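Let me begin by presenting the structure, written as structure tokens, before commenting on it.
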Amino acid sequence: MTVGTGATIFGCAGPQLLPEERAFYRDADPFGFILFARNVEDPDQLRRLTGDLREAVGRDAPILVDQEGGRVQRLRAPQWREWAPPLDTVDRAGSLEAAERIMRARATVIAGELTAVGIDADCIPTLDVARPVTHPFLRNRCYGRDPGGVARIGRAVADGLIAGGVLPVMKHMPGHGLSHLDTHHDLPRVDAPLSDLRAIDFAPFRALSDLPMAMTAHLVFAALDADRPATQSPDVIRMIREEIGFEGLLMSDDLNMQALAGTLAERAARTVAAGVDIALHCKGAMDEMVAVAGAAGAMGPAARARAEAAVAARRAATADVRAALADLAHG
């Protein structure tokens, strides 16, 4: 399976691919692309954009999006369905079994909407366990307040996406629930003992460690590395690989988030040096993308093997979207 050589995923500036972007992507050869609301107008436009992105690199590159539901939803009404925040949906379900069924059906319908416009990876399930201190930017994006329930609903979401032909990207590894700050603006520090982290925050990721792709968290776990955020910590990445047991493709959260210090090039270099396979840059600013591509460099043999395995995990849709919609209608 052909994959890009660059250890990067990039966004683009707007709803149409620009000539300079096309030339840059051809040379940088990123693993894939990620889309945001600024890239979305209507289904026909979006199909053209996803086709143009893949044409620019000459292959069927993965195209990602954050389509969680609630506040974090890049494809919106009136062209696409609006979804309630995940935690609200789970709480209204009334039981864990009902929540699993509803969230699986919801993921199946989301997958159908995404594949119709050429998007084949969604940055869910969100496996962070909601805690009393969880910052509002994350709290209602979570699937629950206990690790067992989060893992079960996360598995249902992943299964719904896969059945719909979309790769799941679990996040934010190894767990963002104890973040009391918004990592778009600040770097949180988690001082919980390792025993608590293992029992609660790391547990859903361990349960879903077989998934093909995951995204890191930009927060400091003092019990593992008192100085560096997880995204840039060799100690945390080693724990993800060896203790959580995740063998898939590991990508960073967005390098533009201000939880990370330094220039974009420094952020990318530290991320890849820590053992993260892919540096994610979402903003679509050309000068920044050039810097990130140069600093991240090419994937090494291990990262490339994981990238090939992730791409090979893509499957044609087998789910019945109409049945999933009927399931949602019955609650």
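Note that this is a predicted model, so its numbers are computed, not measured.
The ring-ring contact (aromatic ring centres under 6.0 Å, His included) check on Phe137 picks up His135, His176, His184, with sequence neighbours excluded.
A salt bridge links Arg54 with Asp120: at least one charged nitrogen is closer than 4.0 Å to a carboxylate oxygen. Classification of Asp66 and Lys171 as a salt-bridged pair holds, one side-chain N sitting under 4.0 Å from a carboxylate O. Between Glu97 and Arg101, none of the side-chain N atoms (NZ, or NE/NH1/NH2) sits under 4.0 Å from a carboxylate O, so this pair counts as no salt bridge. Arg189 and Asp191 are joined by a salt bridge, as a carboxylate oxygen and a charged side-chain nitrogen come within less than 4.0 angstrom of each other. A salt bridge links Asp91 to Arg145: at least one charged side-chain nitrogen sits closer than 4.0 Å to a carboxylate oxygen. A salt bridge is absent between Arg306 and Glu247: the closest approach of a Lys/Arg side-chain nitrogen to an acidic carboxylate oxygen does not fall below 4.0 angstrom. Salt bridge status for Arg155 with Glu100: absent, with no side-chain N to carboxylate O gap under 4.0 Å. Under 4.0 Å is where a charged nitrogen must lie from a carboxylate oxygen, and between Arg241 and Asp277 at least one such pair does.
Under the 4.5 Å side-chain heavy-atom criterion for ILVMFWY residues, no single connected hydrophobic cluster contains both Leu260 and Met251. Put simply, Ile63 and Phe24 are part of the same group of oily side chains (I, L, V, M, F, W, Y) that touch within less than 4.5 Å, one to the next. Residues Val129 and Leu211 share a single hydrophobic cluster, defined by chaining ILVMFWY side chains whose heavy atoms lie under 4.5 Å apart. Hydrophobic clustering, with ILVMFWY side chains joined whenever heavy atoms are under 4.5 angstrom apart, groups Val150 together with Met170. Grouping the Ile, Leu, Val, Met, Phe, Trp and Tyr side chains by contacts below 4.5 angstrom, directly or via other members, places Val169 apart from Ile119.
Interatomic distance, CD1 of Ile237 versus CE of Met173, reported as 9.0 Å (0.5 Å rounding). To the nearest 0.5 angstrom, Leu280 atom CG is 9.5 Å from Ile278 atom CD1.
Checking Thr5, Val311, Thr8, Val57 one by one against Phe31, the side chain to side chain contact (heavy atoms under 4.5 Å, CB included) holds for a single residue, Val311.
Residues Phe221 and Gly175 share a closest heavy-atom pair of CZ-O, 3.0 Å.
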**OP:** Any chance you could lay out the salt bridge (charged side-chain N to carboxylate O under 4.0 Å, His left out) test for Lys283 and Asp254, step after step, and finish with the verdict?
**Re:** CA-CA 9 Å; Lys283 190 175 178 180; Asp254 185 12; over 6 Å; no
**OP:** Evaluate the salt bridge (charged side-chain N to carboxylate O under 4.0 Å, His left out) criterion for residues Arg141 and Asp128: first the C-alpha distance (whole Å), next the side-chain angles of each, then the deciding distance (0.1 Å), finally the verdict.
**Re:** CA-CA 9 Å; Arg141 299 164 59 193; Asp128 308 310; over 6 Å; no
**OP:** Before giving the answer on side-chain hydrogen bond (donor to acceptor under 3.5 Å, both in side chains), spell out for Gln16 and Asp52 the whole-Å C-alpha distance, their side-chain angles and the decisive distance to 0.1 Å.
**Re:** CA-CA 9 Å; Gln16 287 84 38; Asp52 287 346; over 6 Å; no
**OP:** Test Arg238 against Glu243 for salt bridge (charged side-chain N to carboxylate O under 4.0 Å, His left out), laying out the working first.
**Re:** CA-CA 8 Å; Arg238 188 178 308 111; Glu243 182 176 324; over 6 Å; no
**OP:** For Asp253 and Thr216, run side-chain hydrogen bond (donor to acceptor under 3.5 Å, both in side chains): C-alpha distance rounded to whole Å, both residues' side-chain angles, the deciding distance at 0.1 Å, then the answer.
**Re:** CA-CA 6 Å; Asp253 205 342; Thr216 63; over 6 Å; no
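A donor-acceptor pair is defined here as one N or O able to donate and one able to accept, closer than 3.5 Å; no such pair exists between the side chain of Thr108 and the backbone of Ala324. Checked by atom type and distance alone, the side chain of Arg81 never pairs as donor or acceptor with a backbone atom of Leu75 at under 3.5 Å.
Donor-acceptor pairing under 3.5 Å is recorded for the side chains of His281 and Asn256.
Annotation for Arg71: atom CZ counts as buried by contact number, over 12 foreign heavy atoms lying within 6.0 Å.
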